[in-house]
> 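Sharing a structure with you now.
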Amino acid sequence: MITITFPDGSAREYESGISGLEVAESISPRLAKEVYAATVNGEIRDLTRAINENATVRFHKWEDEEAKHAFWHSSAHLMAEALEAVFPGIKFGIGPAIENGFYYDVDPGEGKVITEADLAKVEEKMKELAAANLVYKRRDVSKKEAMEFFSGKGDEYKTELISELEDGTISLYTQGNFTDLCRGPHLPSTEPIKAIKLLSLAGAYWRGDEKHKMLTRIYGITYPKQKMLDEYLQFLEEAKKRDHRKIGKELELFTFSQKVGMGLPLWMPKGSEVRQTLISFLTGVLKKRGYKIVTTPHIGNVNLYKTSGHFEKYGADSFQPISTPQEGEQFMLKPMNCPHHCEIYNATPHSYKDLPLRMAEFGTVYRYEQSGELHGLTRVRSFTQDDAHHFCRHDQLRDEFKSIIELILYVFKILNFNDFSAQISLRDPEDKQKYIGSEENWEKAEKDIIEAAGEMNLKTTIVPGEAAFYGPKLDFMVKDAIGRKWQLGTIQVDYNLPDRFDLTYNGSDNQKHRPVMIHRTIFGSLERFVAVLIENTSGKFPLWLAPEKAIVLPISEKFNDYALKVLEILNNSDICTLIDDRSEKIGKKIRDNELKRIPYLLVIGEKEVESGTIAVRKQGEGDKGAMKVEEFIDFIKSEIEKEVAFK
RNA sequence: GCCAGAGUAGCUCAGGGGUAGAGCACUUCCUUGGUAAGGAAGGGGUCAGGGGUUCAAUUCCCCUCUCCGGCUCCA
């Protein structure tokens, strides 16, 4: 007999060798139906695997990531079986579960192509197989046996994977006619897989390496209920409506032109308005925090980047140098602002008493991103960073970090950005050689970052090996409408540039010392930030950011003269740009969704003309009553102040 | 850069070897009166660009460009 302990602390006796599923059945048949995997003594396992010793057991229902993982991983195997049936001779790479669904990387064979049209066939086959209620069977095998099985099949990808595995840790899973190399866990059978949808087709390099062969990746998702699938597909449809590229076009915020060039955003008047509001807001915040605002040119002599080291590292993949009539003279479009800022630092002598020095610039930079990487406003070739560099002493590093975290959290709070994650990137402990800077400084900087984040109550995930070669960093990430992750703010320690630019300050010992440099952005770039802002708000900006605060809506053209007067006063008030259209059909001009994105609606009819007022409505909140235009202006101003405390 | 798809009116899209279509938007007139979508008439397209095949190409083939979904990359 063995004792099984459950998460609530209760325990029961069972025969040794009982399966998780049987244990679940003994508790309730309903539980057995809803459970997809189990964690046994901390190890996630198939429900059907025997438990041979005393154990703590936690069952995973759909709500748990572990359950979804097993469900989708099993679905990937199911898809593989269907693929093998539809495309005989197909070879398999890897097929994991992901955050939403699963994929499988496959090689259809020389000269063969899988197209979107084929997905329906595979989907049908999957449904057929799932309905057959195939059982997933696990088998532990020796490396030799696994090797023989897959080389017999001619599956070079699987054999490559097996060759790297340790003997004794290899397991195979079989369902129906399909056997796969797999660690598990899996569902007991295909029975719960009721709703199936293959979503898309993409190319993906084998093992994520550009130099390797490109396989075909098939994405899919499955659910235990059709309704859940319908809801997910519905969600994807809804998400598409929030896409900043779509809203940006509808609201005339920005555009792209083939003539200007790909990845080069053109900000239209309304988009520019949003941008300018963000810049002036942040400038105010920065000045209060002791930042000095600087301005530097969009180009720099190629020697500047040779000094910084960027030319050597990125020169070949950048916009190429611009030549001048002067023989041998070359300039580059600036890919970052730091070298310019270093030269500003070097323009004056610095005492230890002057540090930290915080230098900020809304600096437009140009990077030759790969054509396939460009994406709306989130990945462009010309963008404006809300860049700043803190030059400080080593003993100030931690406080500077804290001040930046505080600043970022403050800005995010005002913008109502709650859904972000923070990641600390440290050195690869296996390969400390590739990093610049002393062991001692790295140790301290990594510790400072972690502690600063802790002291600011910032929840972070720590990722070793992700640091830049010049220093550790802390990144803030957000997700877009369909869940893609984008990096916004970043805080990076840099030991490289201070050396290369020979930055110094005079210490209390009257000796020259090397300052540390911190690169930081809050928005990341105005382009990416506005994109995320649009997707977060579906284009319905908060009042203070809205490019149009209000729209004047005369009920009839009879009232146009009065509406015109109202508009004139509002436009002169400098608080808002208004839609200057008093035609009778104004209502018709504005689509429902667009209208809803404008915070205030000013309605003018006979009553208003008589009393010299405007009827004010806040979208989504209803009537605010009649006001004189001047009252409305004051009202808007106070509402904006409520939204943003410009302290 | 790589794999796969797409590009037809301002927008959303249908069509298909023989003179280019719808809805919405736009213009004019009529009608209308507290969050658009009543009526009539009208304007608007080198069917992304360039080469082929053909008596004839927007349609079939090839190349290029751009966009979408991924991969790789992201100072």
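Order of the sequence lines sets the chain letters (A, B, ...), proteins ahead of strands, with each chain counted from 1.
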> Write down the distance separating the C1' atoms in B:C71 and B:G5, rounded off to the nearest Å.
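These two C1' atoms come out 15 Å apart once rounded.
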> Please determine, for the side chain of A:Arg367, which listed nucleotide (B:U35, B:G33, B:C74) has the closest atom?
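Comparing B:U35, B:G33, B:C74 against the side chain of A:Arg367, the answer is B:C74.
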> Mind checking A:Ala468 for me? I need base, sugar-phosphate or nothing, with any heavy atom below 4.0 Å counting as a touch.
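Here A:Ala468 touches no strand at all.
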> Check every atom of B:A75, B:U35, B:A4 against the side chain of A:Arg617 and return the nucleotide holding the closest atom.
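The listed nucleotide nearest to A:Arg617's side chain is B:U35.
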> Using a heavy-atom cut-off of 4.0 Å across all strands, would you classify A:Gln370 as base, sugar-phosphate, or nothing?
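Contact class for A:Gln370: base.
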> In this structure, how many angstroms lie between the P atom of B:G70 and the CZ atom of A:Arg379, rounded?
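So the two atoms are 14 Å apart, to the nearest Å.
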> Base, sugar-phosphate or nothing for A:Arg245? Non-hydrogen atoms, less than 4.0 Å.
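A:Arg245: backbone/sugar contact only, no base atoms under 4.0 Å.
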> Ignoring hydrogens and angles, does a donor from either the side chain of A:Tyr205 or the base of B:G70 sit under 3.5 Å from an acceptor on the other?
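Donor-acceptor pair under 3.5 Å: no.
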> At 4.0 Å (heavy atoms only), tell me whether A:Glu608 reaches a base, stays on the sugar-phosphate, or touches nothing.
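It contacts base atoms.
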> Would you indicate what A:His519 reaches in the nucleic acid, counting non-hydrogen atoms under 4.0 angstrom: base, sugar-phosphate, or nothing?
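Result for A:His519 = nothing.
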> Going by purine N1 to pyrimidine N3 plus the second Watson-Crick contact, or the G-U wobble pair, all under 3.5 Å, which nucleotide sits opposite B:C65?
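When the pairing criteria are applied, B:G7 turns out to be the nucleotide that pairs with B:C65.
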> If the P atom of B:G52 is compared with that of B:C67, how far apart are they to the nearest Å?
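Taking atom P in both B:G52 and B:C67, they lie 28 Å apart.
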> Select base, sugar-phosphate, or nothing to describe what A:Tyr103 touches, counting heavy atoms under 4.0 Å on all strands.
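Answer is nothing: A:Tyr103 stays at 4.0 Å or more from every strand.
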> Contact class for A:Ala204 vs. all strands (heavy atom < 4.0 Å): base, sugar-phosphate, or nothing?
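Sugar-phosphate, backbone atoms only, no base.
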> Taking CZ from A:Phe256 and P from B:C67, how many angstroms apart are they, rounded to a whole number?
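Nearest whole value for this atom pair: 8 Å.
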> In Watson-Crick or G-U wobble terms, both distances under 3.5 Å, what is the partner of B:A22?
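When the pairing criteria are applied, B:U12 turns out to be the nucleotide that pairs with B:A22.
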> RNA chain B: A:Ala615 or A:Glu210, which has the more 5' nearest nucleotide?
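Its nearest nucleotide being more 5', the pick is A:Ala615.
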> NE2 of A:His375 versus P of B:C68: gap in Å, rounded?
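So the two atoms are 7 Å apart, to the nearest Å.
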> Do A:Arg381's NZ or CZ and the ring of A:Tyr366 fall within the cation-pi criteria of under 6.0 Å and 45°?
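The answer is no; the distance or angle limit is not met.
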> What does B:C60 pair with, Watson-Crick or G-U, if both distances are under 3.5 Å?
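Checking every strand shown, B:C60 finds its partner in B:G52, with both distances under 3.5 Å.
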> Salt bridge (Lys or Arg N to Asp or Glu O under 4.0 Å) with A:Glu99: which of A:Arg484, A:Lys479, A:Lys68?
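One option only clears the test, and that one is A:Lys479.
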> Consider the side chain of A:Ser200, meaning its heavy atoms from C-beta on, and name the nucleotide among B:C65, B:G69, B:A4 that approaches it most closely.
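Of the candidates, B:G69 comes closest.
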> For A:Tyr219 and B:G70, do the ring centres fall under 5.5 Å apart while the planes stay under 30° apart?
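Stack criterion not met.
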> Quick one: do A:Lys607 and A:Glu610 make a salt bridge, cutoff under 4.0 Å?
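Between A:Glu610 and A:Lys607 there is no salt bridge, as every charged N stays at least 4.0 Å from the carboxylate O atoms.
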> In whole Å, what separates the C1' atom of B:U54 from that of B:G44?
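About 31 Å, rounded to a whole number of Å.
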> Verify the distance criterion only: is there a donor paired with an acceptor across the side chains of A:Thr490 and A:Thr521 at less than 3.5 Å?
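Judged by distance alone, the side chains do not pair up.
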> Where does the angle between the aromatic ring planes of A:Trp486 and A:His375 fall among parallel (under 30°), tilted (30 to 60°) and perpendicular (over 60°)?
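The rings of A:Trp486 and A:His375 sit tilted, inter-plane angle from 30° to 60°.
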> What is the base-pairing partner of B:A40, counting Watson-Crick and G-U wobble geometry with both distances under 3.5 Å?
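Checking every strand shown, B:A40 finds its partner in B:U28, with both distances under 3.5 Å.
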> Whole angstrom is fine here: how far is it from CG in A:Leu251 over to P in B:C11?
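Going from A:Leu251 (CG) to B:C11 (P), I get 15 Å.
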> Hunt down the Watson-Crick or G-U wobble partner of B:C74, both distances under 3.5 Å, from any strand shown, or write none.
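Per the H-bond distance test, none.
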> Looking at A:Arg245 and A:Asp243, does any basic side-chain N land under 4.0 Å from a carboxylate oxygen?
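Yes, A:Arg245 and A:Asp243 are salt-bridged.
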> Check RNA chain B against residues 477-500 of chain A and give the residues with a non-hydrogen atom under 4.0 Å, in numerical order.
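Nucleic-acid contacts, sorted: A:Ile482, A:Arg484.
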> Between B:U66 and B:C61, how far is it from one P atom to the other, in whole Å?
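Roughly 22 Å separates the two P atoms.
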> Looking only at atom P, what distance separates B:G45 and B:A9, rounded to whole Å?
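Rounded to whole Å, the distance is 11 Å.
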> Hey, does A:Gly208 reach any base, or is it just sugar-phosphate, or nothing, if we go heavy atoms under 4.0 Å?
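Sugar-phosphate contact only - A:Gly208 comes under 4.0 Å of backbone atoms but never of a base.
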> Go nucleotide by nucleotide along RNA chain B from the 5' end; which of A:Ser371 and A:Tyr366 gets its closest nucleotide reached first?
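The residue mapped nearer the 5' terminus is A:Ser371.
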> Take the protein atom CD of A:Glu116 and the nucleotide atom C1' of B:A6, then report the distance between them rounded to whole Å.
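So the CD-C1' distance, A:Glu116 to B:A6, works out to 10 Å.
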> Without decimals, in angstroms, what is the distance between A:Ile614 CD1 and B:U35 P?
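Distance check: A:Ile614 CD1 to B:U35 P gives 17 Å.
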> If the C1' atom of B:A57 is compared with that of B:C62, how far apart are they to the nearest Å?
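One C1' to the other, the span is 14 Å.
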> Taking NZ, NE, NH1 and NH2 as the nitrogens, is one of them in A:Glu124 or A:Lys121 under 4.0 Å from a carboxylate oxygen of the other?
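So A:Glu124 does not pair with A:Lys121 through a salt bridge.
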> With sugar-phosphate meaning primed atoms plus P, OP1 and OP2, does A:Thr216 contact a base, only sugar-phosphate, or nothing at under 4.0 Å between heavy atoms?
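The answer is nothing, as A:Thr216 stays clear of every strand by at least 4.0 Å.
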> Between atom NE2 in A:His310 and atom C1' in B:A75, what is the gap in whole Å?
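Rounded to the whole Å, the gap is 5 Å.
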> Between the side chain of A:Trp442 and the main-chain N/O of A:Ile436, is any donor-acceptor distance below 3.5 Å?
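At least one qualifying donor-acceptor pair exists.
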> Taking the P atom of each, how far is B:G15 from B:G21, in whole Å?
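Roughly 15 Å separates the two P atoms.
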> Choose from B:C67, B:C11, B:U35 the nucleotide whose nearest atom is closest to any side-chain atom of A:Met262.
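Minimum distance to the A:Met262 side chain belongs to B:C67.
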> Under a 4.0 Å threshold between the charged nitrogen and the carboxylate oxygen, would A:Glu400 count as salt-bridged to A:Arg520?
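No, this pair does not count.
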> Distance check, rounded to the nearest 0.5 Å: A:Phe469 atom CZ versus A:Asn496 atom CG?
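With rounding to 0.5 Å, CZ (A:Phe469) is 4.5 Å from CG (A:Asn496).
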> Rounded off to whole Å, could you give me the CZ-to-C1' distance for the A:Phe469 and B:C74 pair?
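Rounding to the nearest Å, CZ of A:Phe469 and C1' of B:C74 are 14 Å apart.
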> Take atom P in B:C13 and the same atom in B:U31, then report the distance between them in whole Å.
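About 37 Å, rounded to a whole number of Å.
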> Would the base of B:C74 count as contacting A:Arg528 through its side chain, where contact means a donor and an acceptor less than 3.5 Å apart?
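Donor-acceptor pair under 3.5 Å: no.
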> Can you figure out which of B:G70, B:G34, B:C73 approaches the side chain of A:Met214 most closely?
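Within the option list, the nearest is B:G70.
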> With a 3.5 Å distance limit and no angle check, can you tell me whether A:Asn536 reaches the backbone of A:Phe417 through a side-chain donor-acceptor pair?
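Answer holds: no.
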